[in-house]
Each structure stands twice: as structure tokens, then as C-alpha cells.
Amino acid sequence: MDIGNLLSTFFKSAGPGGALATLVLSGALLLYIFLARWIIGDDQQQ
Amino acid sequence: MPRWGMVIDLDKCFACQSCTVACRMENNTPVAGPDQAGKGRAILWNEVLPFIEGEYPRLVATMIPRPCMHCDYPPCTKVCPVRATYKNEEGIVVVDYNRCIGCRMCTVACPYGVRYFNWFPPEWPEELKQHLNPDPEVAPRPKGVVEKCSFCIQRLHKARQKADAEGRAFMATDYIPACVQTCTGHARYFGDLDDPTSLVHQLAHSPRAFRLLEELGTEPKVYYLKQG
Amino acid sequence: MHPENKNETVILNPLRKVGLADKLLWATLLGLLLLGIGVWIRQYVLGLGITGLNRPVYWGVYLTNFVFFIGLAHSGTFISAILRLAGQGWRKPLTRAAEAITLFSLPFGVASILVDMGRPDRILNLIWFGRYESPILWDVTAVGLYLLSSIVFFYFSLIPDIALCRDRLTQAPGWQRRMYTILALGWRGTPQQYHRLERVLDGMAIFMTMLVVTVHTVVSWLFGMTLQPGWHTALIGPFFLLGAILSGTAAVVIVLAILRKVYRFQHVLPVSLFNSLRKLLITFLLGWLYFMIAEHLTIGYGNMKEEMVVLQDKFSGNYALIFWSMAVLVFGVPLLIFLIKGKDSIGWMVLACVLINIGMWMERYIVIVPTQISPRLLSVSGQGIYLPTMTEALITVACFAGFTLLYAVFTRYFPIVPVWETAESLPVGHEAEPALQTGSATAD
Ligand code: SF4
Ligand code: SF4
């Protein structure tokens, strides 16, 4: 498999960029929601 | 696959600007009017640029007709965020008016200043409106998108269809852009640069041939033949 | 459980009553904002031709505003993330005020781009057809992530104080109390919660610091990645970044001074804070001068034809007036003020910081416009012209009004000085985190 070709296709074609941007942003959102829940936490068990 | 290119002989060009007019009629570019044109809002896919050196009476004027260079490494398509402008397999750089978001990044990235933005919805005086080119491929562009010279790609499509209908193979000579067809001084040549037997190939390799801003590495496909 | 803070009453005071003066201010700002939105709608209907933009100046005031507001936004992250990592304890009282600048200026940076677009209705094309070869996608990702992360970073550090409002402001109207209850997420202020919160904030501070560098660098790359003279330089990224931190920090000074005066925070925001910021600002100013010289000397010494066209335009041509007054406003006068008058004098500091910010706006403008005025092939037939119109002016005013409005309203509903971070002690059992121990006041 030609990695160089794959990379250049990723950068040049329409679509993958938008998908990755969405993925990054929604991933961050999920992480932040998780963090918020973790901070508030449930300290009863401790 | 042909690699379309153009050669303009500056010795033959006498700056009559027929190419500019032919382009307007073929491609339905809107009329900006003197007021807007004065503000730099005129849309001229093809423009004849005056380069004037020295002062009267020792003055050297070079008139350079400037279509899109259809660069082999176009800086304009690189920066488009949505691939609304791209170089097709035959080397022609086109714009997808239905996709362009009007960010104008391509217009600032093109070193030749050949890309135009639709500042207003397109307009024509009543008399001109009746003579618009009916080809749907050059239907007037909406406001807010970018447009530019396409080497009259609609003519390429039509030439292919015609060849198909006549049951013969399409030949490079079947297709010429409107400016080349009109040129009063026969200064413009058009054809397949990759075909060693073609006239454009030979002219592009003439010692008189040069290209604009060659040092930028954009590899334009429009060649000029030096005057004098 | 809530932290003990002797200034709690003072800090919560602005939240107790929204006065007539506030309402008048808000109404005026809202009016300006709505006017701007109206003008934008008109521009959308008629076309971008009603601006001063043209060929060859395709990018003008809107892009300037974009760069400026994103730059302003760097204040908060700088103060609260970078200084947090550096263990600078004196930053604590002003973290939230600074972060709020970030939070409220970013949306107007983003809005400036929308306003600039020919087809804002096709914005989703960026998602359906986005491609990473274009610097615009870099910007979408970086600025989007930055906006999201700074909202979260801001919100996390606000939670304990929202809980405080929920429990203390029992006189507030029902909707306001409900808002506090919902936003506090059931925060109880246990030592464990504080501990986890600190850990997350420390972790995020590292991430935010990287993000802040990335964001302004890719903003500059919108210009730097093209081949145009004046833009195509590797220094443009660091230069934009430093300018951003300079104008952001200056904005913090202005905001702090206003808060201090209007909400009577003299004890909470002592003069020593301003003195610390003054030292930072002097450093940034000198850094700015260094970049300025490095950039222009390299171009001028090299004497390449196309670059010189732009450079001469700035130094002695049509843009000389803006260029040199920019240099005086950003650098000359403020440095003199800081060195001679600035110490212990808030009034002088504010003056210098206002000048810096006016100058930084001009600096953005002078980077963006002159390069386009003389494009390579067109300059032979004379220069382009660019004069912004009323449309651009009103939308710019609206952006500033909107920013101020959000800020003003926020300070009336949430404590603008963090109560828990400036507390003498957090709930028992909580081990004071490193930042609290090392961060004793270093200000003179
Ligand atoms: S001349 Fe300009 S618009 Fe044409 S292909 Fe080259 S960069 Fe693109
Ligand atoms: S203006 Fe249109 S064609 Fe040009 S870069 Fe933006 S989206 Fe692409």
C-alpha cells in the first residue's frame, strides 16, 4: 500500500477533511462531558 | 489524455481586445457598469494588461492578454477548503459554482489575479440580456461565488458530443476557446501541449516562448512569444 | 461546603442588583449589536458589493477583525493556562476576568469570518466537502477546538462559584436560582471534588497552551501559505502569536481597571496586579520590536523587487501614515508610559493599553491590505484602492458592542473574580494543590 498516495488523497479530496474536523470536535466534546462527570463524581462509595 | 494549453504571440497581438469581448459573450460574464468597474469590480475572464516602461518618447509598451494560466501546480486550487475549484484530468482549472462558499482564499492565492468574485447578482442591460449564451454550462453565476476563465470548457464538452454524434474520434483540433477563435491578429494558438506534433507544442518550445511569473513554479500552461 | 474567602461579600456584591445604569448600557449595546446584524442581513441580500472590498483587495476589515478578535482571545488562555503552568500565583484574582475576554471575543472572531463569506448559507460545505490541504480547514479545526475548550475550561473553573451563588444568593429571582442550580451540576465542594477539579484544570492548561500557539499560527497561515509578497514569510506565525498575546494582555488591563472601578474591587484587585502585568507587557513590547525589526530588515536588506513594492508602500507610500502611527501607538508611547509613569498608576496603564489595542488593530490591517493593493501583475496598471464603507464600520462596531454586552451581562450574574481560587482555605481535608503553595504574591 502506498502511504504517500493515501496521505495525499486524504489532503486533496473533498470530504475526509470535514469528517476528521467533525471527529476531532465531537471527540473533544465527549471527552469534556466525561471529565465534567468525573469531577463532580460520586463520592459516596469512598 | 490531452493537456490543453495556449500560446499567445505578442508580435501579432495588437491589443484590439476582441478576445475580451468574445469571452464575455461566450461565458456570460455580467456587466459591472462604469461605476462598479471603477471600483475594481468588473469581471473580465480575459484581460489585456498594459505593461509600460519608460517615458514618452522613449516608451516601450507591451500589451499582454491574460486569460487564466491554468497552472499545472495551481496555488488557487490548493487553498480551496471545499474543492470548489480544482484541476481536471486534462489540466483545466475549473470552478464549481454550486459548491463555492465565497471565502475568496483562491482569489488572494492566485499570483496572476485572474479570479473574480461576484460582488452583486449578475446584471446586463436589456439589449444584451437577449443575447446571452443559452448554454446551461455558462448560466449566470449567483452572487457570492468566484468565477474565472475556464478555457471555455463548455466548448470542449460540445466538441466531444459532436464527435460522438458523428461517430468519429474526437481530435484536439475540434476544440478551441472563443478568444482563440475570435483573435483578429491570429495571435492565439490552442491545443494539446503533450502532443509533439501540435502547433502549440512546437511554439511553446520556441526560443521566443516565455511564461508569466515563471519563477513561482506554478507551471502555467499559457505561453507567450516575446515581441520584437 | 464552601471555601472561606474574606472578600466573598465584595465579590458577590455586583450580583445582587441590576441597576438602571446597567439596563441602559445593555440596551445601548444590544441596539448596536442588532443594528450590526441588520446591516449583515442587508449585505447578504444585496451582495458583498456594498462593502469597500473589490479586486484586488478581496480581504479587508472583516479579516482584520477576525485576526484581532482571535488575538484578543489569547489573553485569557495566556493568563490562566500559561501562568498556571508557570506557577504564577498572582494571576489568581484575574484569571476569570481574563478568560471571559477569551470566551466573549472568540464568537466575534468566528462571526467576522461568516460575515466575510460570500455564501454563508453554504457553511456546511466545509463539513461535507472539507479538505485539509486548505489552510481554512486548519483554521476551522483549531478555532473550533479552541472555542469549545475555552468554554469548557472556563466553565469548569466556574462550577464551585456557581454552587456558591446557588447557596448564597437566595434572594435572587427564581429563574436565576434555577440557572445556578442547573449549572452547578450538583457541586457539593467536597475535598475530593476540589482535588479532581484541580487535576483537570492543570491537565487542560497544558492542552490549552498548545492550542493557543496553534490557533494564532494557523490564523496567520491563511496569509502565510499564499505566495504573496509581504505574507509569504515564516515569521508571520510567531509574529501574529506575539501580537495576539500583547493585545490580549493589554485588554486584560483595561477590563480589570474598569471592573475595579465600577464594582469597587479595590481590595480584591490590588495595584500589585497591574504592576505584574506591566512587567509582562514590557517584555512583550520588546519582543514585538524584535520581530518587527527582524521581519522588515530581512525584507528590506534583501531588496527583492516584489517584496519592496509592499515594504515601500508601508514605509513611505500610501500606508506610511497608518504604519508609522501604528508603530508609535503599539510601541513608542506605551513603552514610555510603562517605563516612566506606569508603576502604581492604573490610569496611565489603561491609557497605554488602549493605545496598544488600537495600534494592534491597525497592525493587522497593515499586514492584510497593502499586500493585496499591489498584486504582482496588476500593479503595473496602477494600485488598487480599498476604503471600507459604512457597512464594514457598523459591523465592526457591532462586534465590539456585542463583546462588551456579553461581558457586562456576565459580570452581573456570575462572580468575575474567582472566589474559590482566591480563598484563604478550601474545605478541610483538601490538600492545597501545588499552585496554591508556590503561588504566593510575587508582585511588588
Ligand atoms: S492563473 Fe491563477 S486561477 Fe489560473 S490556475 Fe493559476 S493560480 Fe489558478
Ligand atoms: S472562494 Fe470558492 S473557489 Fe475560492 S477558495 Fe473559497 S470556496 Fe474555493
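In what follows, chains carry the letters A, B, and so on, assigned in the order in which the sequence lines appear, proteins first and then strands, with residues in each chain numbered from 1. These figures come from a predicted structure and were not determined experimentally.
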*pair C/Glu306-B/Leu213: side-chain heavy atoms closer than 4.5 Å*: yes
*OG1 of C/Thr389 to NZ of B/Lys39: how many Å apart, nearest 0.5 Å?*
8.5 Å
*Is the closest side-chain heavy-atom distance between B/Phe120 and C/Ile50 below 4.5 Å?*
yes
*Between B/Glu215 and C/Lys305, is the closest basic N to carboxylate O distance under 4.0 Å?*
no
_When B/Pro142, B/Ala42, B/Cys110, B/Cys80 are compared by non-hydrogen pairs under 4.5 Å with chain C, the top option_ = B/Cys80
*Would you indicate whether B/Tyr73, at its atom OH, is surrounded by more than 12 heavy atoms from other residues, nucleotides or ligands within a distance under 6.0 Å?*
no
*When B/Ala84, B/Pro81, B/Gly144 are compared by non-hydrogen pairs under 4.5 Å with chain C, the top option*: B/Pro81
*asked:* With a 4.5 angstrom heavy-atom cut-off, is it the side chain or the backbone of C/Leu222 that approaches chain B, or both, or neither?
replied: both
*Is the backbone N or O of B/Thr107 less than 3.5 Å from a side-chain atom of C/Arg55, with the two atoms forming a donor-acceptor pair by type?*
no
*Using non-hydrogen atoms and a 4.5 Å limit, figure out which bit of C/Tyr44 sits close to chain B: side chain, backbone, both or neither.*
backbone
*asked:* Using only atom types and a distance under 3.5 Å, with no angle test, would you say the side chain of C/Gln372 pairs donor to acceptor with the backbone of B/Val108?
replied: no
*Portion of C/Leu53 that has a non-hydrogen atom of chain B nearer than 4.5 angstrom*: both
_Which one wins on heavy-atom pair count under 4.5 Å against chain C: B/Gln36, B/Lys78, B/Arg115, B/Arg83?_
B/Lys78
*Got a sec: does the CD of B/Glu55 have more than 12 other heavy atoms crowding it under 6.0 Å?*
no
_Tell me if the CZ atom of C/Phe129 is crowded by more than 12 foreign heavy atoms within 6.0 Å._
yes
*asked:* On a heavy-atom basis, which atom in B/Arg41 and which in C/Thr51 lie closest, and how many Å separate them?
replied: NH2-O, 2.6 Å
*Is the number of heavy atoms from other residues, nucleotides or ligands under 6.0 Å of B/Glu123 CD greater than 12?*
no
_Under 4.5 Å from a heavy atom of chain B, the part of C/Leu387 involved_ = neither
_Separation of B/Thr218 OG1 from C/Leu227 CG (nearest 0.5 Å)_ = 8.0 Å
*Kindly give the heavy-atom pair with the smallest separation between B/Met105 and C/Pro135, and that separation in Å.*
CE-CG, 3.9 Å
*Do C/Arg122 and B/Val145 come within less than 4.5 Å of each other through their side chains, counting heavy atoms only?*
yes
_Nearest-0.5 Å distance that lies between atom SG in B/Cys103 and atom CG in C/Asp139_ = 11.0 Å
*Is it the backbone or the side chain of B/Pro111 that comes under 4.5 Å from a heavy atom of chain C, or both, or neither?*
both
*State, yes or no, whether a side-chain contact exists between B/Ile101 and C/Ile123 at a heavy-atom distance under 4.5 Å.*
no
*Which region of C/Met225, side chain (C-beta onward) or backbone (N, CA, C, O), has a non-hydrogen atom less than 4.5 Å from a non-hydrogen atom of chain B, or is it both or neither?*
neither
*What option among C/Val57, C/Asp121, C/Asn54 has the most heavy-atom pairs under 4.5 Å with chain B?*
C/Asn54
_Rounded distance [0.5 Å steps], CG in C/Leu377 versus CG in B/Leu49_ = 6.5 Å
*Against chain B, label C/Glu133 side chain, backbone, both or neither, depending on which of its atoms sit under 4.5 Å from a heavy atom there.*
both
_Residues, nucleotides or ligands: over 12 heavy atoms within 6.0 Å of B/Glu53 CD_ = no
*Look up atom SG in B/Cys106 and atom OH in C/Tyr58, then write down how far apart they are to the nearest 0.5 Å.*
8.5 Å
_Counting only non-hydrogen atoms closer than 4.5 Å, does C/Trp231 touch chain B with its backbone (N, CA, C, O), its side chain (CB onward), both, or neither?_
side chain
*Check whether any side-chain heavy atom of C/Arg376 lies under 4.5 Å from a side-chain heavy atom of B/Leu212, and answer yes or no.*
no
*Is B/Lys143 reaching over with its side chain to a backbone N or O of C/Val45, donor-acceptor style, under 3.5 angstrom?*
yes
